[in-house]
Amino acid sequence: MSKIEKAKGFKHTKPGLWLSIGTSAFGAISVVKDVRKAREESDTLKLINALVGAAALVTGTALLVRELRRLGDDDVLLG
């Protein structure tokens, strides 16, 4: 298995999923900033954009958590 194939498979491991969830948490910080800025400027379009981004983050995180639960103890990298 090449290094590229291993790297692509990493996102389907427990550490890879946890890293993705952590990345989503940092994305949430950006969404909060966008919401605050949109509210300060009373910009409805920016607010809608931020809320759609928030919905995407929530959905993506839920999918990652579901995949993490499905993985269970079958992760070969963790032993």
For the CG atom of Leu17 and the CZ atom of Arg70, what is their distance to the nearest 0.5 Å?
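Going from CG on Leu17 over to CZ on Arg70, the span is 12.0 Å.
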If every non-hydrogen atom of Lys14 is compared with every non-hydrogen atom of Leu71, which pair is closest and at what distance?
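Closest approach of Lys14 to Leu71: N-CD1, 4.2 Å.
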Which pairs, with at least one residue in residues 24-40 and sequence neighbours excluded, count as a salt bridge (charged side-chain N to carboxylate O under 4.0 Å, His left out)?
none
Residue pairs meeting salt bridge (charged side-chain N to carboxylate O under 4.0 Å, His left out), one or both in residues 44-60, sequence neighbours left out, come to Glu41-Lys46
Could you list who else is in Phe26's hydrophobic cluster, with ILVMFWY side chains joined at under 4.5 Å, directly or through other members?
Ile29
Report all side-chain donor-acceptor pairs from residues 50-63 shorter than 3.5 Å, counting only partners two or more places apart or in another chain.
unit_1	atom_1	unit_2	atom_2	d
Thr59	OG1	Ala55	O	2.9
Thr61	OG1	Leu57	O	2.8

